[in-house]
**Q** 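Before I ask anything, here is the structure I am working with.
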Amino acid sequence: MENDTLLFFSLFENLGHFQYIYFILGSLLYCTILFFNVIIILVIFMESPLHQPMYILIACLSINSLYGTAGFFPRLLFDLLLYSHSITRSGCHMQTFVIYTYASYEFTILTLMAYDRYVAISKPLQYHSIMTPKVLIILITISGIYPMLYIGLGIVFTAKLRLCGNELSKLYCNNWIIAKLSCENAIFSNIYGFVVLVTTVLIPFTFILYTYIKILMICQKSSKELRRKAYHTCLPHLVTFVNYSITIFCEMSFTRFENLPPVIAIILSLEFLIIPPLLNPVIYGLNFPEIRRKIQHRLKTSKKCAVTQRAG
């Protein structure tokens with residue numbers, strides 16, 4: 001099969017009139033994700049007091065949420081509304097690249113957050129000399145380029161496989177599913193995929209876990225006031241990390257099971273694309289007083305401007 005061959009999403013079949021209900025629910029969900037994450041990004045970048053590593057990384061998390069959901073929701077809504085359940089092979093590889101890099105970026109950003117909190121708590125006096133703007137830019141750049149190169153190379157390997165089937169048993173493209181359609185031996189692609197999984201997911205996961213354990217150990221030896229502040233700033237990061245780890249584990253584990261009921265398979269495979277982008281802005285907006293106050297200030301200012309314009 002060539003790159004212009006059409007692949008079909010089999011899960012869209014026999015939806016009937018339910019497809020319009022799913023379209024409405026999907027649209028509301030996507031708009032909510034866009035609204036929450038855009039607010040976080042705008043507030044952080046427009047308010048100079050928030051131009052600190054911790055808040056910049058929170059903004060990066062929201063930017064990544066917009067990036068990942070843009071690779072999934074528009075295509076999903078298009079399929080639901082226009083009865084178009086097909087995608088070109090090249091388009092499928094592009095969607096795979098976006099979703100996979102989104103998943104990896106989430107872990108690399110959380111890794112930088114864990115390192116930032118570790119430096120802030122273990123070396124508070126040297127924090128600003130260690131986490132300089134230049135260092136932050138370098139870390140963000142490396143964490144963005146590395147997954148892109150490794151995941152892109154893995155997709156290139158899969159793209160070279162000759163396919164004998166054209167039905168995708170998911171709501172989005174997935175390297176594992178595409179490789180299963182191959183007429184050839186895909187063992188090399190699978191081994192490379194495992195290496196990518198280890199370097200872009202498992203190693204960052206281990207580092208984050210180790211970092212927070214070290215932070216907890218430091219906090220146990222600190223004063224009660226310092227311990228309270230440390231827990232307050234680390235708890236949202238830890239909740240985000242646990243939440244995302246659970247959702248990505250569901251995706252990686254249950255993608256390979258073919259005997260699951262379709263509804264359960266769909267829910268488990270979509271959690272990492274829906275729950276983190278939806279909950280992360282809420283977690284950080286509610287738990288960080290600085291962000292919450294700036295959001296409230298911006299909303300009040302916008303409301304006053306609107307009232308003034310109407311009065312004029």
**Q** Any chance you could lay out the side-chain contact (heavy atoms from CB on, under 4.5 Å) test for Asn174 and Tyr100, step after step, and finish with the verdict?
**A** CA-CA 8 Å; Asn174 179 293; Tyr100 275 32; 3.3 Å; yes

**Q** Could you tell me how the ring of Phe241 sits relative to the ring of Phe107: parallel (under 30°), tilted (30 to 60°) or perpendicular (over 60°)?
**A**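 Ring orientation of Phe241 relative to Phe107: perpendicular.
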
**Q** Measure across Ile41 and Ile63 and return the closest heavy-atom pair with its distance rounded to 0.1 Å.
**A**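 So the two residues come closest at CD1-CG1, 3.6 Å.
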
**Q** Looking at Thr211 and Ala114, what are the two nearest heavy atoms and their distance?
**A** CG2-O, 3.2 Å

**Q** Judged by atom type as modelled, is there a donor-acceptor pair below 3.5 Å linking the side chain of Glu167 to the main-chain atoms of Phe8?
**A** no

**Q** Would you check if the side chain of His51 reaches a backbone N or O of Ile56 as a donor-acceptor pair within less than 3.5 Å?
**A** no

**Q** Would you name the heavy atoms of Ile44 and Ala59 that are closest together and state the gap between them?
**A** CD1-N, 3.8 Å

**Q** Checking side-chain polar atoms at under 3.5 Å, does Tyr212 have a donor or acceptor matched by the opposite partner on His237?
**A**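 Their side chains do not contain a donor-acceptor pair, so the 3.5 Å distance test is not met.
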
**Q** So, Tyr20 side chain and Leu81 main chain: donor-acceptor pair closer than 3.5 Å or not?
**A** no

**Q** Should Ile40 and Met46 be regarded as members of a common hydrophobic cluster, given that ILVMFWY residues are connected when their side-chain heavy atoms come within less than 4.5 Å of each other, either directly or indirectly?
**A** yes

**Q** Can you say whether the rings of Tyr244 and Tyr102 are parallel (under 30°), tilted (30 to 60°) or perpendicular (over 60°)?
**A**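 The arrangement is perpendicular - the two ring planes meet at more than 60°.
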
**Q** For residues 28-47, pull every pair meeting side chain to side chain donor-acceptor pair (under 3.5 Å), keeping only residues two or more places apart or in separate chains.
**A** Asn37-Ser62, Glu47-Arg298

**Q** Short question: side chain of Thr158, backbone of Gly154 - any donor-acceptor pair under 3.5 Å?
**A**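 Yes: the side chain of Thr158 pairs with the backbone of Gly154.
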
**Q** Determine the minimum heavy-atom distance between Ser245 and Phe205, stating which atoms define it.
**A**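 Taking Ser245 first and Phe205 second, the nearest heavy atoms are OG-CE1, 3.4 Å.
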
**Q** For Leu7 and Ser86, what are the C-alpha separation, side-chain angles and deciding distance, and is it a side-chain contact (heavy atoms from CB on, under 4.5 Å)?
**A** CA-CA 5 Å; Leu7 302 176; Ser86 62; over 6 Å; no

**Q** Short question: side chain of Thr132, backbone of Ser129 - any donor-acceptor pair under 3.5 Å?
**A** no

**Q** Going by atom types only, do Gln52 and Asp116 share a side-chain donor-acceptor pair under 3.5 Å?
**A**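 There is no such pair between these side chains.
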
**Q** Testing the basics here: between Ile218 and Ile121, what is the closest heavy-atom pair and its distance to 0.1 Å?
**A** CG2-CG2, 3.9 Å

**Q** Let me confirm one number: the CZ-CD1 distance from Phe72 to Ile99, rounded to the nearest 0.5 Å.
**A**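 These two atoms lie 7.0 Å from each other.
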
**Q** To the nearest 0.5 Å, tell me how far Ile87 CD1 sits from Asn166 CG.
**A**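 That separation rounds to 13.0 Å.
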
**Q** When you measure from the side chain of Asn243 to the backbone N and O of Val239, does any donor-acceptor pair fall under 3.5 Å?
**A** no

**Q** Has Arg89 got a side-chain atom pairing as donor or acceptor with Ala159's backbone, closer than 3.5 angstrom?
**A**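 Answer holds: yes.
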
**Q** Would Tyr67 and Thr101 satisfy side chain to side chain donor-acceptor pair (under 3.5 Å), going step by step from the backbone distance to the final call?
**A** CA-CA 9 Å; Tyr67 167 70; Thr101 49; 2.7 Å; yes

**Q** Looking only at atom types and distance, does a side-chain atom of Ser65 sit under 3.5 Å from a main-chain N or O of Leu61, one as donor and one as acceptor?
**A** yes

**Q** List the atom of Ser104, the atom of Pro147, and the distance in Å for their closest heavy-atom pair.
**A** OG-CB, 3.2 Å

**Q** Within a reach of under 6.0 Å around CZ of Phe73, are more than 12 heavy atoms found that belong to other residues, nucleotides or ligands?
**A**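 Yes, CZ of Phe73 has more than 12 neighbouring heavy atoms, counting only those of other groups under 6.0 Å.
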
**Q** When you compare the side chain of Ile130 with that of Val135, does any pair of heavy atoms fall below 4.5 Å?
**A**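 No, every pair of side-chain atoms sits at 4.5 Å or beyond.
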
**Q** Can you tell me how far apart OG1 (Thr240) and CD1 (Ile283) are? Round to the nearest 0.5 Å.
**A**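 Nearest 0.5 Å value for the OG1-CD1 distance: 4.0 Å.
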
